[in-house]
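Side chains are part of it too, since the values below use all heavy atoms of this structure and drop only hydrogens, waters and symmetry mates. Labels below follow one simple rule: chain letters A, B, ... track the order of the sequence lines, proteins then strands, and each chain is numbered from 1. Computed from a predicted structure; not experimentally measured.
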Amino acid sequence: EAEVAQSPRYKITEKSQAVAFWCDPISGHATLYWYRQILGQGPELLVQFQDESVVDDSQLPKDRFSAERLKGVDSTLKIQPAELGDSAMYLCASSLRDRPNMIQYFGPGTRLTVT
Amino acid sequence: DAKTTQPPSMDCAEGRAANLPCNHSTISGNEYVYWYRQIHSQGPQYIIHGLKNNETNEMASLIITEDRKSSTLILPHATLRDTAVYYCIVRDGSSNTGKLIFGQGTTLQVKP
């Protein structure tokens, strides 16, 4: 069964450093989502791509976060500089299309710890 | 904001059915009800979704009331591996984006 791949699974970084996460969605999935999950809370959407275009980045802290999906396949989420409050699980999800009856499949996530 | 209300925690005996309730009294006609679960430190796992009719798959059954204001997820024979946080999500069918808005979920503890 096809899965969403993410790397790294765990990342420890010092505050003010740069960090990047990678996501490879299920093959053929046009829509890609990045969510952030703070410990004890549910995931919250950071950014959504349709193919290579951003369709929703309203919750992305654009002063320090950036996301790209250059060829409409895999995606990178970057934080620069990292802050202590960025410690969280970063989850990538993909769906065939952006339709309300299309299932979003999640990857295993990247656990970020900022020290 | 999440459009659903779930009990924060529930217990279930292993081998028994687990019935997880969800209230979504403001749901509109084109909104789907989705259920996901998250086992500790893993990504959310899709379970089932529905619009109006009851649904069943290999994992669970989803019972939606006739007025669609509430639903119940049924795990027919709970095992210890079903211990997880279960999220009930109402997904906007008319917005430009398909984001899932997660609430706090229900922590299900399956006990031997």
Side-chain angles (χ1 to χ4, degrees), chain A residues 1-7 9-10 21 23-26 29-50 53-60 88-113, chain B residues 1-9 22 24 27-53 55 57-60 62 64 68 84-107:
Chain A
E1 181 176 305
E3 296 180 340
V4 176
Q6 289 188 249
S7 66
R9 292 293 310 279
Y10 303 92
F21 315 127
C23 172
D24 191 12
I26 294 172
H29 280 198
T31 311
L32 185 146
Y33 311 82
W34 282 101
Y35 289 82
R36 177 172 61 183
Q37 185 173 25
I38 296 170
L39 192 63
Q41 300 181 18
E44 293 182 314
L45 182 74
L46 290 175
V47 62
Q48 177 184 339
F49 289 90
Q50 181 64 35
S53 300
V54 173
V55 295
D56 185 356
D57 62 356
S58 58
Q59 300 303 310
L60 188 71
M89 174 81 86
Y90 290 83
L91 294 158
C92 180
S94 71
S95 65
L96 193 59
R97 288 178 180 80
D98 181 20
R99 295 288 186 272
N101 62 339
M102 292 283 178
I103 300 166
Q104 289 186 27
Y105 296 94
F106 284 80
T110 296
R111 170 75 65 189
L112 173 66
T113 302
Chain B
D1 294 331
K3 300 181 180 180
T4 63
T5 303
Q6 300 177 253
S9 64
C22 179
H24 31 80
I27 194 169
S28 63
N30 62 351
E31 291 181 319
Y32 285 78
V33 178
Y34 274 78
W35 284 83
Y36 281 79
R37 72 180 182 184
Q38 189 170 27
I39 297 170
H40 183 63
S41 296
Q42 298 181 20
Q45 178 189 22
Y46 166 79
I47 301 174
I48 199 167
H49 73 285
L51 183 61
K52 296 180 181 178
N53 300 320
E55 302 287 346
N57 62 21
E58 65 278 5
M59 289 184 67
L62 174 60
I64 302 174
R68 303 186 69 239
V85 178
Y86 287 76
Y87 294 100
C88 171
I89 300 163
V90 169
R91 190 170 182 190
D92 191 348
S94 61
S95 70
N96 292 330
T97 68
K99 66 181 177 182
L100 298 172
I101 301 176
F102 289 80
Q104 296 299 310
T106 295
T107 299

Within a 6.0 Å radius of atom CD on A:Glu3, are there more than 12 heavy atoms belonging to other residues, nucleotides or ligands?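 Atom CD in A:Glu3 is not crowded, with 12 or fewer foreign heavy atoms closer than 6.0 Å.
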Please classify the contact of [X] with chain B as side chain, backbone, both or neither, using a heavy-atom distance under 4.5 Å.
X: A:Arg99; answer: backbone
X: A:Gln6; answer: neither
X: A:Leu91; answer: side chain

Who among A:Gly40, A:Pro43, A:Cys92, A:Gly42 has the most heavy-atom pairs with chain B under 4.5 Å?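 Between A:Gly40, A:Pro43, A:Cys92, A:Gly42, the count favours A:Pro43.
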Return each pair, listed once, that meets salt bridge (Lys or Arg N to Asp or Glu O under 4.0 Å) where at least one residue sits in residues 100-113 of chain A; pairs must be two or more places apart or across chains.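 Not a single pair qualifies under salt bridge (Lys or Arg N to Asp or Glu O under 4.0 Å).
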Contact summary for A:Tyr33 and B:Arg91, nearest pair of heavy atoms: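 Taking every non-hydrogen atom into account, OH-NH2, 3.5 Å.
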At their closest point, which heavy atom of A:Gln37 faces which heavy atom of B:Tyr87, and how far apart are they?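 What the structure gives for the nearest pair is NE2-OH, 3.5 Å.
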Nearest-0.5 Å distance, [atom1] of residue [X] to [atom2] of residue [Y]:
X: B:Tyr32; Y: A:Ile103; atom1: OH; atom2: CD1; answer: 11.0 Å
X: A:Met89; Y: B:Gln38; atom1: CE; atom2: CD; answer: 6.5 Å
X: B:Phe102; Y: A:Glu44; atom1: CZ; atom2: CD; answer: 10.5 Å
X: B:Gln42; Y: A:Phe106; atom1: CD; atom2: CZ; answer: 13.5 Å
X: B:Lys99; Y: A:Leu46; atom1: NZ; atom2: CG; answer: 10.5 Å

For B:Gln45, all residues meeting side-chain contact (heavy atoms from CB on, under 4.5 Å), sequence neighbours excluded: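 Counting only residues at least two positions away or on another chain, B:Gln45 forms a side-chain contact (heavy atoms from CB on, under 4.5 Å) with B:Arg37, B:Met59.
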What part of B:Leu100 gets within 4.5 angstrom of chain A, counting heavy atoms only: side chain, backbone, both, or neither?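 Answer is both: backbone and side chain atoms of B:Leu100 are under 4.5 Å from chain A.
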